[in-house]
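A short worksheet on the structure shown next.
Both ligands and their constituent atoms are indexed starting at 1 by order of listing.
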Amino acid sequence: MQNDLFDNIAPEMEELAPGVFLFRSYVDENVFMDTVKSVTEEIPFRHMVTPGGKKINVAGSSMGQCGWYSDHRGYRYEMSNPVTGKNWPDIPEHIHRIITNAAKKAGFNNFRADSCFINRYEPNIRLTAHIDQDEVDFTQPIVSVSLGVSAIFQIFGETRGGKPLNIPLHSGDLLIFGGPARRLYHGVKKLDLGHHPLTGDKRINLTFRKAL
Ligand code: SIN
Ligand code: FE2
């Protein structure tokens with residue numbers, strides 16, 4: 001009896017492709033949402049522009065020792081918020097513990113994020129295929145947490161084309177991409193019209209990185 005019961009329990013972590021680890025319903029959404037609210041009270045979501053002057057459709061905010069930033073001067077990490085001149089808010093220690101611990105389960109033993117970019121997707125907004133390459137050490141993974149409306153995360157390959165691996169991400173899911181997956185093109189499909197009690201019609205994603 002006992003065995004039947006346990007056989008039906010989904011594994012905590014699944015490796016979907018080399019270096020891609022999915023933890024379904026892993027985090028307490030309210031805990032992460034409280035952090036998002038307090039960070040974005042201080043640094044409201046805003047649309048940055050690409051070095052070429054195009055508006056970035058996904059709105060962003062940051063916490064950590066440094067924050068990812070983009071404007072006419074290029075993509076980079078900034079040690080303080082260029083708009084206010086102030087430091088970015090700290091990543092709370094209870095959030096660090098959850099992220100570091102998940103990374104350890106996936107085999108990344110000394111991951112401690114120094115930056116977290118918070119993305120906000122509105123209906124019909126997508127994130128085009130890109131590689132995160134402004135960080136110094138590519139042996140460090142990226143740990144992503146999703147909140148609110150579900151979306152399809154896509155991992156392409158070493159180029160933008162080809163058939164992607166489609167990973168539906170729901171509120172509370174945690175995804176790690178590291179190792180051989182760290183330098184692959186990835187993106188997020190256009191957000192469907194949906195509703196979630198935590199975020200209304202939006203999706204929020206937090207990507208924890210070791211940038212410096
Ligand atoms: C990213 O690739 O930077 C964000 C991923 C996501 O929103 O799930
Ligand atoms: Fe990315």
Honestly, is Arg76 close enough over Tyr69, meaning NZ or CZ under 6.0 Å from the six-membered ring centre and within 45° of the axis? no

Considering only non-hydrogen protein atoms, determine which one is nearest to atom 7 (O) of ligand 1 and report residue, atom name and distance to 0.1 Å. Tyr121 OH, 2.5 Å

Is a side-chain donor or acceptor of Glu93 paired with a backbone partner of Arg97 at a separation under 3.5 angstrom? no

Any idea which protein heavy atom is nearest atom 1 (C) of ligand 1, and the distance to it? Leu127 CD2, 3.6 Å

Co-membership, hydrophobic cluster, residues Ile43 and Met79, 4.5 Å side-chain: no

Hey, does Asn205 come in under 3.5 Å of ligand 1, counting only N/O atoms on both sides? yes

Flag His186 as yes when one of its N or O atoms lies below 3.5 Å from any N or O atom of ligand 1, and as no otherwise. yes

Give the atom numbers and elements of ligand 1 that come within less than 4.0 Å of a heavy atom of His130. 1 (C), 2 (O), 3 (O)

Distance-only N or O hit between ligand 1 and Arg203, under 3.5 Å: yes

Does at least one non-hydrogen atom of Arg209 fall below 4.0 angstrom from an atom of ligand 1? yes

Interatomic distance, OG@Ser144 vs CG@Leu206, rounded to 0.5 Å, equals 8.0 Å

Is it the case that Asp173 and Ser146 place a side-chain donor and acceptor less than 3.5 Å from each other? no

Side chains of Arg209 and Tyr77: any donor to acceptor distance under 3.5 Å? yes

Numbered in order shown, the ligand 1 atoms found under 4.0 Å of a heavy atom of Phe153 are 5 (C), 8 (O)

Cation over ring, Arg183 on Phe138, under 6.0 Å and within 45°? yes

Only to 10 degrees, please: what angle do the OD1 atom of Asp132 and the NE2 atom of His130 make about the Fe ion (ligand 2)? 100°

